[in-house]
Amino acid sequence: MTLWKPRIAANARYKHQGIADALKADIAAGLIKAGDALPPQREIARELGVDLTTVTRALNEIRHLDLIEARTGAGTFVKIPPDQPATATPAAELDLSMNIPPQPHEAGLPGRIAHGVGVLLAGAPNHFLSYQESTGTEASRHAAAQWLAPRFSAAPAVDRLVVAGGAQSALFAICSLVAARSSICAGSITYPGLKSAAAALDLAIHPLDMDEHGIIPDLVRGMLPASFAKSALRHSVHRQSDDCDHAARAAAGYRRNCPPA
């Protein structure tokens with residue numbers, strides 16, 4: 001079995017579409033055949049210089065065409081026979097994983113962006129144009145602690161906060177910490193980026209029913225291992241009897257006391 005050589009089709013409007021178009025074309029041309037393996041998603045992202053979610057979205061499109069399949073513990077492989085056309089009509093579905101509204105022409109965004117970058121380069125302090133601390137600057141972490149204070153009984157310690165470069169990188173880091181457990185729980189309607197991170201790490205997501213406030217706290221009982229609940233309680237609950245009951249009550253308290261962001 002040969003590994004696919006990742007590339008991005010030159011005429012694609014978006015990078016994820018370019019990856020998908022290139023893979024479809026290579027399958028149609030017979031450059032990769034049924035049973036051939038694709039490189040891991042992280043390797044594709046690294047080689048093409050794109051983020052992991054871009055690769056995941058591209059492969060999801062190809063999977064919807066029934067051209068590839070994921071085999072647990074083995075990887076992703078070309079599924080179709082070599083003589084089958086690669087122009088199968090995708091199943092009709094509404095993809096809500098990314099909302100990219102069309103930009104109005106009259107907004108003049110290219111000119112505004114060029115002007116803004118020029119102003120930044122002309123007068124910005126040097127530290128804005130250099131690498132930042134990987135865990136966030138001290139000023140950023142202090143600001144985060146102040147923002148979090150009303151949501152908890154006290155502001156968290158600044159040295160225990162990490163400022164991530166984006167929601168997706170933070171989600172992937174958190175999921176990496178629990179990857180050894182092989183599964184996580186989330187609301188039955190959850191962020192597509194969480195699904196992408198879980199898929200990349202082979203984490204199963206157990207859906208929990210929700211109401212208008214979020215996950216129903218009573219469902220936490222019986223879902224959390226006692227060891228996990230104890231770890232959470234050490235940081236947020238001062239009195240302890242039954243672990244899962246306290247975890248459920250902590251979730252309920254958070255729902256009541258946490259104002260909308």
Side-chain angles (χ1 to χ4, degrees), residues 1-71 74-121 129 165-172 191-202:
M1 294 186 297
T2 59
L3 287 176
W4 176 57
K5 178 67 174 176
R7 63 187 183 89
I8 301 177
N11 58 347
R13 183 177 181 183
Y14 300 111
K15 290 181 179 179
H16 78 273
Q17 191 61 56
I19 298 171
D21 289 346
L23 181 52
K24 284 190 292 185
D26 289 349
I27 293 174
L31 298 178
I32 46 176
K33 300 177 175 62
D36 284 349
L38 300 184
Q41 292 187 27
R42 277 173 281 187
E43 289 186 15
I44 296 176
R46 184 166 52 249
E47 183 165 341
L48 297 179
V50 300
D51 58 51
L52 183 64
T53 55
T54 299
V55 176
T56 300
R57 190 176 183 191
L59 295 188
N60 281 341
E61 290 195 11
I62 301 300
R63 190 174 293 110
H64 292 156
L65 294 175
D66 204 29
L67 301 182
I68 60 175
E69 61 181 349
R71 302 175 189 170
T76 303
F77 298 83
V78 178
K79 184 178 180 181
I80 63 170
D83 58 346
Q84 180 178 333
T87 56
T89 302
E93 67 172 38
L94 185 61
D95 182 4
L96 298 177
S97 60
M98 189 175 294
N99 183 14
I100 307 177
Q103 299 296 336
H105 177 73
E106 59 272 16
L109 291 181
R112 290 174 181 268
I113 292 173
H115 174 73
V117 170
V119 171
L120 180 65
L121 292 174
L129 303 177
Q168 195 60 39
S169 60
L171 278 175
F172 192 83
Y191 177 49
L194 175 61
K195 295 182 179 180
S196 298
L201 294 167
D202 291 327

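Looking at heavy atoms from C-beta onward, Thr76 lies out of side-chain contact with Glu69 at the 4.5 angstrom threshold. Residues Leu201 and Phe172 form a side-chain contact, since some pair of their non-hydrogen atoms from C-beta on lies under 4.5 Å apart. Here the side chains of Phe77 and Ile68 are not in contact, with every heavy-atom distance at 4.5 Å or above. A 4.5 Å side-chain heavy-atom check between Ile19 and Val50 finds at least one atom pair inside the cut-off.
Note that the CD1 atom of Ile27 and the CD1 atom of Ile32 stand 4.5 Å from one another [nearest 0.5 Å]. Going from atom CG of Asp36 over to atom CG of Leu31 covers 10.0 Å, rounded to the nearest 0.5 Å. Going from atom CZ of Arg57 over to atom CD1 of Ile62 covers 13.0 Å, rounded to the nearest 0.5 Å. Rounding to the nearest 0.5 angstrom, the gap separating the CG atom in Asp66 from the NZ atom in Lys79 is 3.5 Å. Note: Leu48 CG to His16 NE2 = 14.0 Å, rounded to the nearest 0.5 Å. In this structure, Thr54 OG1 and Gln17 CD are separated by 12.0 Å, a value rounded to the nearest 0.5 Å.
The shortest non-hydrogen separation linking Pro39 to Ile44 is O-CD1, 3.6 Å. The nearest pair of heavy atoms linking Lys33 to Gly30 is NZ-O, 2.7 Å. Of all non-hydrogen atoms in Gln41 and Leu59, the two that sit nearest each other are CG-CD1, 3.7 Å. What you find for Asp26 and Arg7 is that their closest heavy atoms are OD1-NH2, 2.8 Å. Summarising the geometry of Lys24 relative to Leu65, their closest heavy-atom pair is CD-CD1, 3.2 Å, with the distance given to 0.1 Å. Minimum heavy-atom separation, Ser196 to Gln168: CB-NE2, 4.4 Å.
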Chi angles and distances behind the side chain to side chain contact (heavy atoms under 4.5 Å, CB included) call for Leu23, Trp4: CA-CA 8 Å; Leu23 181 52; Trp4 176 57; 3.8 Å; yes

Step-by-step side-chain hydrogen bond (donor to acceptor under 3.5 Å, both in side chains) determination, Arg63 to Asn60: CA-CA 5 Å; Arg63 190 174 293 110; Asn60 281 341; 2.7 Å; yes

